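Inspection log for the structure reproduced underneath, given as C-alpha cells.
For this chain, numbers begin at 1 and follow the sequence in order. The model shown is predicted, which means the values in this text are computed figures rather than measured ones.
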Amino acid sequence: MYHLLRSKNFFVNLNDRSDDLFKVTLIPEKLSEENKIYQFASTAPGTYQTMDIGRFVRSFKAYDSNGAELGTKQISTNQWELAEPARTVKVVYTVAETWIHR
C-alpha cells in the first residue's frame, strides 16, 4: 500500500472545475516496490457505508523526473499500481465531483 512518509505534498486545483473534475497532484517522497499501490478510501469514518471513492477517479497518471509518463494500472475499484515506483516523482489524477446540483 502507498503510505505517505514524512512529506505530504498534495495540490488540489479548486479553480479549474469547468468539467466537474477535481485535479489532484501528489509529489511523493522516494517510492519503492513495497509502496507501489495507491489506495483510495473505500469507507468514510462515521458513515458506516461503503463509499468506494476510486469509482469517481477519471484519470490516474504517474511521471518521472523528466516529465515522461510512467505506466499505471487500476487493479481494483480503489487501487492503482505504479509500474515504476522508484522512478515516480509525480502522480496526477482527476476525481469527479459528487455533489448533485438542484
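- Taking CD1 of Ile27 as the start and OG1 of Thr88 as the end, the distance is 11.0 Å to the nearest 0.5 Å.
- Looking at heavy atoms from C-beta onward, Glu33 lies in side-chain contact with Pro85 at the 4.5 angstrom threshold.
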**OP:** Check the pair Leu82, Leu31 against side-chain contact (heavy atoms from CB on, under 4.5 Å), reporting the backbone distance first and the verdict last.
**Re:** CA-CA 10 Å; Leu82 300 170; Leu31 300 177; 3.6 Å; yes

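- Put simply, CG on Asn35 and CD on Glu29 are 10.0 Å apart, with the number rounded to the nearest 0.5 Å.
- Within 6.0 Å of NZ on Lys23 lie more than 12 heavy atoms contributed by other residues, nucleotides or ligands.
- Applying the side chain to side chain donor-acceptor pair (under 3.5 Å) test to pairs two or more places apart or on separate chains, those with a residue in residues 45-56 are Asp52-Asn78.
- Residues Phe40 and Trp80 meet the side-chain proximity criterion, which asks for heavy atoms closer than 4.5 Å.
- The distance from atom CD of Glu97 to atom CG of Asp20, rounded to the nearest 0.5 Å, is 4.5 Å.
- Leu21 has its side chain within reach of Arg58: a pair of non-hydrogen atoms, C-beta onward, lies under 4.5 Å apart.
- Counting only residues at least two apart or on different chains, the side chain to side chain donor-acceptor pair (under 3.5 Å) pairs with a member in residues 63-75 are Asp64-Arg87.
- Linking ILVMFWY side-chain heavy atoms closer than 4.5 Å, directly or via other members, places Val92 and Val12 in two distinct hydrophobic clusters.
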Original post:
Step by step, would you call Leu14 with Phe22 a side-chain contact (heavy atoms from CB on, under 4.5 Å)?
Top reply: CA-CA 7 Å; Leu14 299 175; Phe22 291 101; 3.7 Å; yes

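- Within the 4.5 Å cutoff, the side chain of Val24 has no heavy atoms near those of the Phe11 side chain.
- Proximity of Tyr38 to Leu26: side-chain heavy atoms (C-beta onward) are separated by under 4.5 Å at one or more points.
- The distance from atom CD1 of Ile75 to atom NZ of Lys36, rounded to the nearest 0.5 Å, is 8.0 Å.
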